[in-house]
Amino acid sequence: MFKQISTSKENREVVAQLSRKLNLGKENVIARLALTYSLSQDRKLDLKDIKDSGGKEYSKSVLMGDYENIYVGLICTHYGLYKTDKSIPKYIKLHIDEGLELLDSELKENPKFDGFDFLTDKINQGLRNI
């Protein structure tokens, strides 16, 4: 389906900063978090809004690890696509870039948050919504 995905040029530094700030692991962990955080906002992004690919580059195996089917399934479910649709990598890129921007903005509003605080806050919000 695809071999690599790159963030936008402006998000190259954002992913590095978030990795240091949240201290949840390597940059691919933050990219995964960004992807799923963006999808959790339940917004459909438009492919015409895709940004450049001059930022951090991830191979498919590094980005998704053993969970490729889950991440692809999330995109397919969200957009009503079949797993072989050629637009899936573009949607993944869109959501990673969007998620990085959302995370960066949220952490700027809560500068004392670390990774544990952020994750427990999101878990608590999710539990309240059940």
Side-chain angles (χ1 to χ4, degrees):
M1 179 188 321
F2 63 95
K3 293 184 182 201
Q4 299 177 21
I5 290 185
S6 298
T7 66
S8 68
K9 187 175 182 179
E10 68 184 38
N11 279 331
R12 175 186 282 277
E13 184 57 31
V14 171
V15 74
Q17 289 174 358
L18 289 171
S19 295
R20 287 188 300 272
K21 170 87 173 136
L22 293 174
N23 197 26
L24 293 172
K26 297 182 180 184
E27 291 179 357
N28 64 318
V29 173
I30 301 305
R32 292 175 188 181
L33 183 63
L35 169 64
T36 55
Y37 188 56
S38 175
L39 284 168
S40 77
Q41 305 303 301
D42 203 27
R43 291 183 14 185
K44 293 216 177 3
L45 304 181
D46 194 325
L47 289 177
K48 69 180 180 190
D49 296 328
I50 201 161
K51 296 182 179 184
D52 67 86
S53 295
K56 177 71 178 174
E57 189 174 280
Y58 300 98
S59 69
K60 178 173 61 171
S61 62
V62 168
L63 178 62
M64 300 187 172
D66 295 333
Y67 305 105
E68 177 184 356
N69 289 337
I70 293 172
Y71 293 116
V72 170
L74 289 169
I75 294 291
C76 289
T77 300
H78 190 70
Y79 289 97
L81 303 172
Y82 189 69
K83 66 182 179 180
T84 58
D85 193 295
K86 294 182 189 296
S87 62
I88 290 171
K90 293 177 183 175
Y91 282 115
I92 291 170
K93 180 198 172 3
L94 273 169
H95 280 283
I96 289 172
D97 280 332
E98 162 100 347
L100 288 170
E101 292 165 13
L102 291 170
L103 290 169
D104 187 45
S105 175
E106 188 159 339
L107 289 170
K108 283 179 180 172
E109 292 175 16
N110 301 294
K112 294 185 180 183
F113 265 18
D114 62 11
F116 180 79
D117 294 332
F118 177 78
L119 291 176
T120 55
D121 180 64
K122 295 304 162 201
I123 291 168
N124 285 331
Q125 282 180 13
L127 291 172
R128 284 192 296 269
N129 291 334
I130 291 180

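The chain is numbered in sequence order, starting from 1.
Atoms CG and CD, on Leu103 and Glu98 in that order, are 10.0 Å from each other to the nearest 0.5 Å. One distance of note links CZ of Arg20 with CD of Glu27; it measures 8.0 Å at 0.5 Å rounding. Atom CZ of Phe2 is separated from atom OG of Ser59 by 9.5 Å, given to the nearest 0.5 angstrom. Distance OH/Tyr91 to OG/Ser38: 12.5 Å, rounded to 0.5 Å. Here the NZ-NZ distance, from Lys90 to Lys93, works out to 11.5 Å after rounding to the nearest 0.5 Å. The OG1 atom of Thr7 lies 6.0 Å from the CG atom of Asp97; values are rounded to the nearest 0.5 Å.
Listed by chain and residue number, Glu10, Glu101 satisfy the salt bridge (charged side-chain N to carboxylate O under 4.0 Å, His left out) test with Lys51 (two or more places apart in sequence, or in another chain).
Put simply, Phe118 and Phe116 are part of two different groups of oily side chains (I, L, V, M, F, W, Y) that touch within less than 4.5 Å, one to the next.
At most 12 heavy atoms of other shown residues, nucleotides or ligands fall within 6.0 angstrom of atom NZ in Lys26. Atom CG of Asn124 is surrounded by more than 12 heavy atoms from other residues, nucleotides or ligands within 6.0 Å. Within 6.0 Å of atom NZ in Lys9, 12 or fewer heavy atoms from other residues, nucleotides or ligands are found, so the atom counts as exposed in its surroundings.
Ile92 is listed as a side-chain neighbour of Met64, based on a closest heavy-atom distance under 4.5 Å. Proximity of Glu106 to Leu102: side-chain heavy atoms (C-beta onward) are nowhere separated by under 4.5 Å. For the pair Leu119 and Leu33, the minimum side-chain heavy-atom distance is below 4.5 Å. The shortest side-chain heavy-atom distance between Leu35 and Ile75 falls under the 4.5 Å cut-off.
Heavy atoms only, all atoms of each residue included: Tyr79 and Leu45 are closest at OH-N, 2.8 Å. Across every non-hydrogen atom of Ser87 and Leu47, the tightest pair is CB-CD1, 3.8 Å. Summarising the geometry of Leu63 relative to Ala31, their closest heavy-atom pair is CD1-CB, 3.7 Å, with the distance given to 0.1 Å. Heavy atoms only, all atoms of each residue included: Gly55 and Arg12 are closest at O-NH2, 3.1 Å. Summarising the geometry of Ser53 relative to Ser6, their closest heavy-atom pair is O-CB, 3.4 Å, with the distance given to 0.1 Å. Contact between Arg43 and His95 at its shortest, heavy atoms only, is O-CE1, 3.7 Å.
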Original post:
For Leu22 and Leu107, what are the C-alpha separation, side-chain angles and deciding distance, and is it a side-chain contact (heavy atoms from CB on, under 4.5 Å)?
Top reply: CA-CA 9 Å; Leu22 293 174; Leu107 289 170; 3.5 Å; yes
**OP:** Evaluate side-chain contact (heavy atoms from CB on, under 4.5 Å) for Val72 paired with Ile88, printing each intermediate quantity in order.
**Re:** CA-CA 7 Å; Val72 170; Ile88 290 171; 4.0 Å; yes
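Remark: the backbone N or O of His78 is paired with a side-chain donor or acceptor of Lys44 at under 3.5 angstrom.
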